[in-house]
Structures are given as structure tokens and as C-alpha cells.
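Following: one structure in C-alpha cells, then a few remarks.
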Amino acid sequence: MNKQSGTTADNTPHEVTRNVSVAVIGAGTAGQNSFRQASKIKDDVVIINEGFWTTTCVAVGCMPSKLLIAAADRAHDANHSGDFGVHATVKIDGKQVMQRVRDERSHFASYIKKQVDSWPDHKKIDGRAHINEQGLIEVNDELIAAEQIIVATGSSPFIPDGWADKLGDTMLTSDSVFELTDLPNSMAVVGAGAIGLELAQAFTRLGVEVTLLNRVKQVAGLKDNDINQKAIECLSHELTMHLGSKITDVGQKVNKDTQTAFIEYEDSAGESRQWQGDCVLVATGRRNNIKQLGVEHLGVELDDKNRPKNLSKKTGQIGDSDIYIVGDANAHIPLLHVASDEGYSAGNMVCENTEDAYIRPPATPFSIVFCSPQIVNVGMSLPEIQEDPELEFVIGRVSFDNQGRSRVMGVNCGLLHIYACKKTDRILGASMVGPDAEYIGHILATAITNDLSIKDMLDTPFYHPTILEGLRTALRDVQDKMEIPYQSQDAQEDNF
Ligand SMILES: Cc1cc2nc3c(=O)[nH]c(=O)nc-3n(C[C@H](O)[C@H](O)[C@H](O)COP(=O)(O)OP(=O)(O)OC[C@H]3O[C@@H](n4cnc5c(N)ncnc54)[C@H](O)[C@@H]3O)c2cc1C
Ligand SMILES: NC(=O)c1ccc[n+]([C@@H]2O[C@H](COP(=O)([O-])OP(=O)(O)OC[C@H]3O[C@@H](n4cnc5c(N)ncnc54)[C@H](O)[C@@H]3O)[C@@H](O)[C@H]2O)c1
């Protein structure tokens, strides 16, 4: 790829302006990790980024969303303390809520900024990169020939065709919602994936009148029907959801200085309905930023969903080429820890850092949605297990509706399914909605990653009274269904 000249766009030079060993495109979590690792060994590494250098996670993703949820949870606890005989009067200051989200975000961003500021200026290029037909990188007035390229361009909110124009200023996405200076009175959230659920519930808890619409009767993409039904039941206690709705039109009505958004939809019974309110948060998925980049000029083939073919899930390398596609850009698993690991691995690969480099194996699939109760998936999904005729499996279950500590805390709604292999006594996967699911998920991910047996797990102490005892109940149920008589205790006995 070391070509010295080429046909370039009108505003870029026809001669190569610099030759580098490695070019990283995109300075989010994945790109920054790649750059840091590659720079440990090679001096001629550049990183090109358009927009903020403080990562999607910190600027418009994981952190501001969790900050909003933190405020919402405070409001929820205060509003529901009456059940415990503790009566509080709650006043929500929307301006202060949103200001704290941004102030704390700035705090997190300052660490990243400090790191980025420490990198030499000549290695950082602020601009939008494009790969031309010669495989050279065009950015601003530069034409860069790179021996190896790491693409870490992330993903962006997907907005259905025409909605941005029709909704105008009444449309929000996760890119703009954290810039609100006050809480709206009412909001529709479209999409019941991770973003839609987390934000719809958070705004509801903060007193916004929220209506959540989703195309299918499924939340958080849950693939286990029982867990999906339970999640819908638990979330419906406080969230107005219209699942299985088909949106037929969106728009805004302008009346003097005020704008109102509307959504026309057919509900799950086929009835035509209209929603009206202050704004619409579009959370209909994200798409990887790759289509316009020109990776096809590097010999990368994309499938019909714009996912690169021949992707190494360990390093992001495309076949045995000099191209790596990491993080959300490869649309494999668009989560922070995956972007971080892939970026780190690719950075080590390109500089052949065999000294202190450890290329991590692909992580056990693991996701958490931070709604209440939380939704967690670990390892293989139920359909994946069912598709494999070799896998003889049982499903161990526990309900959290009457689980001791969950009831004590007033968070007793939930269900955990553990899928376990009869032949190997190992956990294949799990799906859950319930309290403390983030911790239960981590224990299950550790068990799968480290090949622990059900027996190993049951030999581990479970403290009483904890919500985690629910996990033990499900493990005992697995054991019972496998007919392995390690500990013949009644699976439900430790509910209290
Ligand atoms: C609201 C929200 C909440 C989330 N919550 C969680 C969570 O709780 N847990 C979790 O694990 N994940 C969460 N995620 C997902 C997580 O944020 C992403 O998986 C992760 O940030 C992706 O990192 P990345 O490095 O791949 O991309 P990014 O951080 O997006 O970096 C990509 C960079 O490339 C730049 N770029 C794009 N195209 C070009 C180009 N042509 N030239 C130059 N630069 C370019 C972009 O501007 C950007 O700066 C959340 C996401 C959102 C939106
Ligand atoms: N806690 C977390 O880990 C976390 C939090 C937020 C985001 N994320 C990441 O961000 C990614 C994107 O999240 P997301 O929630 O935007 O996407 P998603 O793909 O998970 O969910 C989108 C939802 O929108 C629905 N939808 C799509 N088009 C629609 C339409 N026209 N009308 C009604 N419903 C429609 C889909 O049925 C789906 O339920 C996630 O996959 C995840 O990787 C993770």
C-alpha cells in the first residue's frame, strides 16, 4: 500500500504528503488504545479523528447515560420510600439534573483529554479521513500512505429515512439528548433496545411523561421468550410501553413559537393511534461508520449489513492483510469493553509488540442493560444452543419475585435462566432480568471464561442474605435437572 501518488479529490494534493508505518482512523476508545500500543514500538504512527477526541463512551454514550440514570434512581428511591414508612417530598430540578450530567461528563473527559494532549501534535490529525482508490488516506490537505491501517471509526445513531426533516428540532438522539438544559414535559422514545430502555426509564423516573414505542414485542433484543415476557412485566410497572407498534408517520406542529412533535402509529391490535408531545428520542439502533470510508479500496469486502468479511474476532485483522477494523466500526459486538480489547490487540499486532503484548482471546459474550431491573445476557443465547443438536442442555431457573433479599430491598421482580450442558456440567449461557443482575452476570461470565463446572460454582460460598443467593438457587435447579446428586437440596429452599 506504499503508493506515492494517486488521483485524489479536488482539494487534496496529488503527491503523498507523508509515509507512515501505521495510521489509526478514529480516536474513540478502540482507536486510542491502538494508537497507544502501536506508539510503544513505532515512532511513525498517526491518528486521525473527526469531531471530539473524548470518545463516544464519555461524550454521548455509557457515561452520560449512567449519570442520568443515577439521578433518576435517586428520584425513584425517594418517590417510593413511602412503602418503607419513610415519607419524602421530592422536587426535581431538571436544570440541575442535566447540568450535573454534563459537569461529571467533563470530569471524565478531562482524563482522556490529558492523555490525548500528551501525544505529539504532528501525530494527531483533526479531520475526516477517506480512503481513495489507490488505498491512500485523504484528510484535510494531506495524502497519507500507511503500511498498516487500523479503522476504528465507531458507529452513529440510525435515523429512519425522512424523520430528521419531519421532526426537525423536536428530534433527539443519544448524540443530542445530554445537551438538554432542562427536562421536557413529555417525550416519546422510539426503540426498546439498550438506549431506549435506559433513557426512557430514566426520564420517566425524573418526572417526564414518557411513551416508549417499539416495532416488535421484544425488549433489549431478548431472545429467551420467558425472560422477555418477565422483563416486559417488570418494566411495565412504571414505563408506558407500546410494543409491536408500527409507526406510519412522524412530524411536528408549529404553533407561533412552540413546536410539538407527533407520531402516528398502528398499535399491536392494528388500531390507528397518535401520540403528541414535546420531543421524540430516536433510539432505533446504531450503524457502523464504514460505508463512506472507502475500505473497499483496501480490498475489504462488506456483507449486506456492512460488516467486514474475514474479520478476526481476536484482533480485528481482515484476513492476513495489513488492515484492522476494531470497535463499533466492525459491527461485531458494539460494546465498550470489546472496543477497548480489540483496539489494544490491533495496536500490538501492527507493531509486532511481542514483548509485553498479550492478545486477549475474544471475550465471552456479555451485555448489561442498566434499566431497573437490569437485563443481562451471558455466553450463548437460547436459540444458538437450540440450533446445535450436539448440545444436550437443561435450563435452571430462579424467580426473584419472592427471593429473600430482593424482597427485603423492595426490588423483587425478575427471572434468571441458566442454560447448562448435561454432558460437561458447564454453563453455556444465561439470560436474566432482575436485581443485581450486573453482579450475577459477572459471576456467570467468569464461570464460562474459566471453564468452571456447576459443582465448582456450588462449592463456592454464597453469603446470606444476598440477592446473589438467587444465582445459587438457579444453579441448584440446573443440578437437579441434570440429575447430578452433588447437593440434593431443594432448589427453592433458599428463597428466604
Ligand atoms: C447512549 C449510549 C450508551 C452506551 N452505553 C454503553 C454501556 O453502558 N456499556 C457499554 O459497554 N457500551 C455502551 N455503549 C456503546 C459504547 O459507547 C461503544 O461500543 C464504544 O464507545 C465504541 O467505541 P469505538 O472506539 O469503537 O468508537 P467511538 O468512540 O465512537 O470512536 C470513533 C471515532 O471515529 C471518528 N470517525 C468516524 N469516522 C471517521 C472518519 N472518516 N475519519 C476520522 N474519524 C472518524 C468518530 O468521530 C469518533 O470520534 C453506549 C453507546 C451509547 C450511544
Ligand atoms: N448498557 C449497554 O451496554 C448499552 C447501552 C446503550 C447502548 N449500547 C450499545 O448501543 C447499541 C445501540 O443501541 P440501540 O438501543 O440504539 O439499538 P438496538 O438495535 O439495540 O435497539 C433498537 C430498537 O429499535 C427498534 N426499532 C428500530 N426501528 C424502529 C422503528 N422504525 N419503529 C419502532 N421501533 C424500531 C428495534 O426493534 C429495536 O428494539 C447497542 O446494541 C449496544 O451495543 C449499550
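Remember, it's 1-based here, ligands and their atoms both numbered in the order they're listed. What you see is a predicted model, and the numbers here were worked out from it, not measured in a lab.
With ligand atoms numbered from 1 in the order given, ligand 2 contributes 1 (N), 2 (C), 3 (O) to contacts under 4.0 Å with heavy atoms of I368. Less than 4.0 angstrom separates some heavy atom of A192 from each of these atoms of ligand 2: 23 (C), 39 (O). Within the listing of ligand 2, atoms 1 (N), 2 (C), 5 (C) sit less than 4.0 angstrom from a heavy atom of E198. Taking every non-hydrogen atom of A283 and a distance limit under 4.0 Å, the qualifying atoms of ligand 2 come out as 16 (O), 22 (C), 23 (C), 24 (O). Set against the non-hydrogen atoms of F370, the atoms of ligand 2 under 4.0 Å away are 1 (N). Atom numbering of ligand 2 starts at 1 in the shown order; those under 4.0 Å from a heavy atom of G191 are 23 (C), 24 (O), 25 (C).
Counted within 6.0 Å of CD on E209, heavy atoms from surrounding residues, nucleotides or ligands total 12 or fewer; the atom is thus considered open. Heavy atoms from other residues, nucleotides or ligands lying under 6.0 Å from CZ of R36 number more than 12.
For the residue pair E142 / T17, a side-chain donor-acceptor distance below 3.5 Å is found, with atom types taken as modelled. Looking at T153 and N289, their side chains never bring a donor and an acceptor atom within 3.5 Å of each other.
Of the protein's non-hydrogen atoms, the one nearest atom 10 (O) of ligand 2 is R286 CD, 3.8 Å. In terms of protein heavy atoms, atom 31 (N) of ligand 2 is closest to R215 NH1, 3.9 Å. Residue, atom and distance of the protein heavy atom nearest to atom 32 (N) of ligand 2 are V190 CG1, 3.7 Å. For atom 6 (C) of ligand 2, the closest non-hydrogen atom on the protein side is I195 CG1, 3.4 Å. With respect to atom 19 (O) of ligand 2, the closest heavy atom belonging to the protein is G285 CA, 3.8 Å. If you check which protein heavy atom lies closest to atom 38 (C) of ligand 2, you get N214 OD1, 3.7 Å.
Distance check, rounded to the nearest 0.5 Å: CD of E104 to NZ of K66 gives 15.5 Å. Put simply, CD1 on I443 and CD1 on I427 are 10.0 Å apart, with the number rounded to the nearest 0.5 Å. A distance of 10.0 Å separates OG of S345 from CD1 of I150, quoted to the nearest 0.5 Å. One finds the CD1 atom of I112 at 11.5 Å from the CG atom of D117 (value rounded to the nearest 0.5 Å). One distance of note links CD of Q229 with CD of Q218; it measures 10.5 Å at 0.5 Å rounding.
Ligand 2 has no atom lying under 4.0 Å from any heavy atom of S367.
When the options A339, S174, A220, G193 are ranked by their closest heavy atom to atom 21 (O) of ligand 2, first place goes to G193. Comparing A194, S155, S65 against atom 4 (C) of ligand 2, the shortest heavy-atom distance belongs to A194. Selection from T284, I247, V216, T56 by nearest heavy atom to atom 35 (C) of ligand 2 gives T284.
Pairs engaging residues 281-302 under the salt bridge (Lys or Arg N to Asp or Glu O under 4.0 Å) rule: E301-K309 [sequence neighbours left out].
If you look at P334 next to ligand 2, the close heavy atoms, those under 4.0 Å, come from the backbone and the side chain alike. Of all the heavy atoms of K246, none lies under 4.0 Å from any atom of ligand 2, so neither backbone nor side chain is involved.
Among residues two or more places apart in sequence or in another chain, the ring pair (Phe, Tyr, Trp, His ring centres under 6.0 Å) test is passed with F366 by H442. Annotation: disulfide bond (SG atoms under 2.5 Å apart) contacts of C234 (sequence neighbours excluded): C413.
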Could you list each N/O atom of ligand 1 together with any protein N/O atom closer than 3.5 Å, one pair per line with the distance?
residue  : atom   : partner : partner atom : Å
ligand 1 : 5 (N)  : K66     : NZ           : 3.3
ligand 1 : 8 (O)  : K66     : NZ           : 2.7
ligand 1 : 11 (O) : L336    : N            : 2.9
ligand 1 : 12 (N) : L336    : N            : 3.4
ligand 1 : 19 (O) : D328    : OD1          : 2.7
ligand 1 : 19 (O) : D328    : OD2          : 3.4
ligand 1 : 19 (O) : P334    : O            : 3.2
ligand 1 : 19 (O) : L335    : N            : 3.4
ligand 1 : 25 (O) : T29     : N            : 3.1
ligand 1 : 25 (O) : A30     : N            : 2.9
ligand 1 : 26 (O) : D328    : N            : 2.9
ligand 1 : 29 (O) : T56     : N            : 3.1
ligand 1 : 29 (O) : T56     : OG1          : 3.4
ligand 1 : 30 (O) : T56     : OG1          : 2.5
ligand 1 : 31 (O) : G28     : N            : 3.4
ligand 1 : 41 (N) : A129    : O            : 3.1
ligand 1 : 42 (N) : A129    : N            : 2.9
ligand 1 : 44 (N) : E50     : N            : 3.0
ligand 1 : 47 (O) : E50     : O            : 2.7
ligand 1 : 49 (O) : N49     : OD1          : 2.8

Worked check of salt bridge (Lys or Arg N to Asp or Glu O under 4.0 Å) between R105 and E179: CA-CA 11 Å; R105 175 177 70 174; E179 308 313 317; 3.0 Å; yes
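Distances from atom 40 (C) of ligand 2 to the protein include no heavy-atom value under 4.0 Å.
Side-chain N or O atoms of S340 include none that pairs as donor or acceptor with a backbone N or O of L336 at under 3.5 Å.
Ring pair H297/H130 is perpendicular by interplanar angle, where above 60° counts as perpendicular and below 30° as parallel.
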